[in-house]
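Report on one structure; see the data block that follows.
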Amino acid sequence: MPKLWNETIEAHRHSVRDAILDATAATVARDGLLAVTMSRIAQETGIGRATLYKYFPDVEAILTAWHERLVTAHLQQLTAVRDGATGAGERLEAVLTAYALISHERHEGHGSELAALLHQGEHIARAHQQLRDLVRELITDGAKAGDLREDVAPDELAAYCLHALSAASSLPSGAAVRRLVAVTLAGLRPQATAIESFIGHGGVAPQDRHRHDQHHRHSAH
């Protein structure tokens with residue numbers, strides 16, 4: 001079979017697959033997860049059920065494929081944001097802000113049942129690792145430039161950032177999300193840290209140390 005013909009067939013398959021995923025996403029957004037059936041998706045896409053089953057075995061497979069495509073697009077967006085900023089600190093702030101806003105918007109668009117379904121599977125684990133690697137590299141660059149702290153390993157700081165910004169999904173507005181990013185970034189700045197103070201007091205927080213000393217003075221009397 002000629003190469004051009006093969007490419008044409010492959011392009012057609014990609015086009016149909018994308019149309020299926022688009023129709024599914026639109027149906028979920030409009031009518032909810034329970035409204036999605038193979039018959040409904042076939043109708044919305046404008047293809048027969050037999051054709052639909054050639055692409056996907058069931059609704060869950062379609063939703064998973066759609067979410068994988070969405071996650072890939074988000075990673076590409078974050079990479080583009082990184083490449084569009086100048087300076088190590090600016091790149092990190094831009095990426096963390098974009099990630100937090102994506103998390104906020106994604107939560108608004110997904111019901112809890114849909115979110116539970118979509119956040120399973122290997123593609124989520126791969127995407128999370130790629131995201132963590134991206135943030136870790138930015139933190140490493142920032143520490144080398146003197147913009148960020150060096151007393152904590154970049155991998156630990158990357159985990160801190162992603163866990164902290166997961167709260168963006170429950171915040172009420174974009175302004176609140178940006179405040180969360182600012183607070184998260186503050187924890188990355190070079191400074192005398194609460195951890196250092198904690199260690200310096202033998203593992204006792206300063207306020208507890210004060211109470212501990214007072215107790216000993218009273219006991220001595």
Side-chain angles (χ1 to χ4, degrees), residues 1-84 94-137 158-159 162-163 165-170 174 177:
M1 188 175 292
K3 180 180 179 181
L4 181 60
W5 179 248
N6 281 333
E7 291 175 350
T8 301
I9 292 175
E10 190 63 25
H12 173 72
R13 287 172 177 165
H14 277 295
S15 177
V16 173
R17 188 176 189 275
D18 283 342
I20 292 169
L21 300 184
D22 291 342
T24 301
T27 301
V28 171
R30 184 174 60 248
D31 301 320
L33 183 62
L34 296 179
V36 179
T37 64
M38 295 297 276
S39 297
R40 176 77 177 272
I41 295 170
Q43 180 182 1
E44 294 287 340
T45 308
I47 60 176
R49 286 186 60 187
T51 300
L52 178 60
Y53 278 105
K54 290 180 181 179
Y55 287 85
F56 296 100
D58 51 38
V59 170
E60 184 174 342
I62 299 175
L63 289 170
T64 300
W66 167 70
H67 191 246
E68 186 169 5
R69 185 182 69 170
L70 182 64
V71 168
T72 299
H74 285 160
L75 287 171
Q76 292 172 343
Q77 179 183 344
L78 293 176
T79 300
V81 167
R82 177 200 64 187
D83 295 342
V95 167
L96 293 185
T97 300
Y99 168 70
L101 289 172
I102 287 172
S103 298
H104 177 67
E105 293 164 2
R106 183 178 62 199
H107 178 77
E108 289 185 336
H110 294 171
S112 58
E113 185 180 8
L114 180 58
L117 171 65
L118 296 181
H119 288 81
Q120 299 173 0
E122 294 182 3
H123 75 282
I124 287 296
R126 288 195 304 270
H128 186 77
Q129 187 58 54
Q130 288 177 285
L131 175 61
R132 187 160 171 165
D133 289 345
L134 173 62
V135 175
R136 186 189 66 243
E137 290 170 4
L162 296 179
H163 281 296
L165 295 179
S166 66
S169 63
S170 62
V177 171

* For His163, side chain to side chain donor-acceptor pair (under 3.5 Å) partners two or more places apart -> none
* Return the minimal non-hydrogen interatomic distance between Gly174 and His104, and the atom names on each side. => N-NE2, 4.2 Å
* Please name the pair of heavy atoms, one in Ala23 and one in Thr45, separated by the smallest distance, quoted to 0.1 Å. => CB-OG1, 3.5 Å
* Asked: Does Ala61 have any side chain to side chain contact (heavy atoms under 4.5 Å, CB included) partners at least two apart in sequence or in another chain, and if so, which?
  -> Phe56, Pro57, Asp58
* Which heavy-atom pair separates Leu131 from Tyr99 by the least distance, and what is that distance? -> CD2-CE1, 3.3 Å
* When you look at Arg30 and Glu44, which way does the salt bridge (Lys or Arg N to Asp or Glu O under 4.0 Å) test go after all the steps? -> CA-CA 12 Å; Arg30 184 174 60 248; Glu44 294 287 340; 3.4 Å; yes
* Asked: Among all residues two or more places apart in sequence or in another chain, which pass the side chain to side chain donor-acceptor pair (under 3.5 Å) test with Gln129?
  -> Asp133
* Structure fact -> What one should report as the nearest heavy-atom pair of Val177 and Ala100 is CG1-CB, 3.5 Å
* Taking C-beta and beyond as the side chain, do Ile41 and Arg49 meet within less than 4.5 Å on heavy atoms? -> no
* Set of side chain to side chain contact (heavy atoms under 4.5 Å, CB included) partners for Ser166, sequence neighbours left out -> none
* Structure fact -> Those residues at least two apart in sequence (or on a different chain) that pass salt bridge (Lys or Arg N to Asp or Glu O under 4.0 Å) with Arg82 are none
* To do: Give the minimum heavy-atom separation between Ala42 and Leu52, together with the two atoms involved.
  => N-CD2, 3.9 Å
* Asked: What pairs meet the salt bridge (Lys or Arg N to Asp or Glu O under 4.0 Å) rule with one or both residues in residues 62-77, with sequence neighbours excluded?
  -> Asp18-Arg69, Asp22-Arg69, Glu68-Arg126
* Asked: Of all heavy-atom pairs between Ala168 and Ser103, which one has the smallest distance, and what is that distance?
  -> CB-CB, 4.4 Å
* Report the residues that fulfil side chain to side chain contact (heavy atoms under 4.5 Å, CB included) with Ser15, sequence neighbours left out, ordered by chain and then residue number. => none
* Using modelled atom types only, decide if a donor and an acceptor are shared between the side chain of Thr79 and the backbone of Leu75 within a distance under 3.5 Å. => yes
* Structure fact -> Residues at least two apart in sequence or cross-chain that pass side chain to side chain contact (heavy atoms under 4.5 Å, CB included) with Ala35, listed by chain then number, are Asp31, Arg40
